[in-house]
Amino acid sequence: MPSRTRVIMLVDLDYFFAQCEELRNPALKDKPVVVGVYSGRTEDSGAVSTANYVARKFGVKSGLPLYLAKKRLEGADAVFLPVDTAFYEQVSNKVMETLRGYADAFEQVGIDEAYLDITQKVNGNFDAVKDLVQKMKSDIKNKVGVTFSVGVGPNKLVAKIAADRQKPDGLTIVKPEDVQRFLSPLPVDQLIGVGRKTAAKMGELGIRTIGDLARYDVQRLVAIFGKKLGIYFHNAANGIDNEPVQEVGEAESISRIATLKEDTRDLARIMEKANQLIEEIQRDAAQRRVSFRQIGVMAVMTDLSAKSRSRTLEAATRDIAVLRRTVQELFEKLLSASQLEIRRVGVKIAHFSREEEQQRLTSFFRE
Ligand code: TTP
Ligand code: MG
C-alpha cells in the first residue's frame, strides 16, 4: 500500500470529571473544584481524581492526597465532590457520539479521550484542520457544553503529545515537516512507554530529550532495552508511528446509579434498588449483544463519600442470576467495611466480549 500522509487528531476533554460537575452546577465555575475518590477510612482519606483549573493554581492535581488538597485550598471556598462515574459516562457518550461524525475512523480511549482519523475529511490538507476543529469545538460546546484540547499530527504519537501542549480549550497542529522540530526539545518521558525508571536509565546514557533519543544508535538501544522496545523507542523519537485509528466497538462498561428512598444499611432494601438497576443493565447488555466478565458495585454513603467493590469472574457471562448474586455479595462486603448508611447505589458491568465468540467458547453456559 502506498503510504499516504495521514491527518490524525487526539481530543482530550479538559479537567474532565470537574468540568462535568461544573456542567450540572454552573455556580461552581469560579470556585476551586476538586473531585476525589474517598477511601472512607477517615473523612479526608483518599486521593484527588482531578481538579478544575482554578484549583490547579493552588497546586492541586490528580493523585494528590485529599487532606493535602484541603490544606492547599484552605480559605479558598473550594468545593469537594465524590466521583460520579455514571454521570461522567453520560456526558462522555454525548461528546463521543458527536465527535464520531467528524471522523473517517474513530477510536475512543478511556472516558475522556479519542483519536480521529480526519485525512479524508480535510483532503489530506493540514491547512484545513483549524477551521474543522473550530467547528467541532463550537458544535460540542452547543450540544453538550464542554471544552476540550486537541492535538493534530501525521500519526497518533504526535497527536497525543501535541494535545498536551496547550490546555484547556487548546489546539496544537504539527505538520509532517515540523515533527522533528516539535519533538526534539521535549523531555524523553513525554513518549508513551518512557516512565520514570526508563527515563532515569536513559538519563544515565546521556539521553534527556526526544532529540537525544532520536540520534542515539539504534543498535545500542536494542542491546540495552531489547529488540521490541529498542526499535519502538528509536521510531517513536523520530516521530514514526503507523498505528491505525481503530474503532473499539463496544463501550467499556455499562452502569446505572440511583438514590435510595432513605439512607439505610438494610441489605434487602439495598438489593431491591440494585435489582432494578441490574434489570436495566441486563437489557442494555442484551441489546449490545455482549457478555461481561467484571461486576462492580458502588455506594455513596451518608457523608457523601463513595465506595466501590468489584469482582472479575472466571469466564464471561450474561446470566442475570450470577449478576444478582455477585452484586449482593459485593454490597455485603462493602457494608462490612463501613459503619455508615448508604444513600445511593450503583451497579456496573465491564470487560465485555461479543456473544458470538462467547457461545463458541463456552457453549455450556445456560441462557
Ligand atoms: P486526564 O485527561 O488525564 O485529566 P483531566 O481531563 O482531568 O485534565 P486535563 O485538562 O489535563 O485533560 O484524565 C481524565 C479523567 O480521568 C480525569 O478527569 C479524572 C480521571 N483521572 C483519575 O481519576 N485519576 C488520575 O490519576 C487521572 C490522571 C485521571
Ligand atoms: Mg482530559
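Residue numbers run from 1 in the order of the sequence given. Both ligands and their constituent atoms are indexed starting at 1 by order of listing. The shown structure was predicted, so the numbers you read here are calculated from the model rather than taken from an experiment. Keep in mind that the numbers below use all heavy atoms, side chains included, and drop hydrogens, waters and symmetry copies.
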Heavy-atom nearest pair, Leu183 first then Ala237, reads CD1-O, 3.9 Å

Value for CZ (Phe17) from OG1 (Thr85), rounded to nearest 0.5 Å, stands at 5.5 Å

Under 2.8 Å from the Mg ion (ligand 2), protein N/O/S atoms total 3

Taken in chain and number order and not counting sequence neighbours, the residues that satisfy side chain to side chain contact (heavy atoms under 4.5 Å, CB included) with Glu97 are none

- Flag side-chain contact, heavy atom, 4.5 Å: Leu66 against Val48: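 Heavy-atom side-chain distance check passes, below 4.5 Å.
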
* Within-4.5 Å side-chain heavy-atom neighbours: His234 and Tyr216 ->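 Counting from C-beta outward, His234 and Tyr216 never come under 4.5 Å.
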
Problem - Carboxylate-amine/guanidinium proximity below 4.0 Å for Asp241 and Lys156 - result: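 So Asp241 does not pair with Lys156 through a salt bridge.
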
Between the side chains of Asp12 and Lys160, is the shortest nitrogen-to-carboxylate-oxygen separation below 4.0 Å, so that they form an ion pair?
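The answer is no: the pair does not qualify as a salt bridge.
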
Would the distance check show the side chain of Asn52 and the main-chain N or O of Val33 forming a donor-acceptor pair, the cut-off being under 3.5 Å?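 Here the side-chain-to-backbone pair exists.
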
(message) Asp164: which residues meet the side-chain hydrogen bond (donor to acceptor under 3.5 Å, both in side chains) condition with it, sequence neighbours left out?
(response)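 Expected list: Lys167.
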
Expected contact list for ligand 1 at under 4.0 angstrom, heavy-atom basis, is Asp12, Leu13, Asp14, Tyr15, Phe16, Phe17, Ser49, Thr50, Tyr53, Arg56, Ser62, Asp112, Lys167

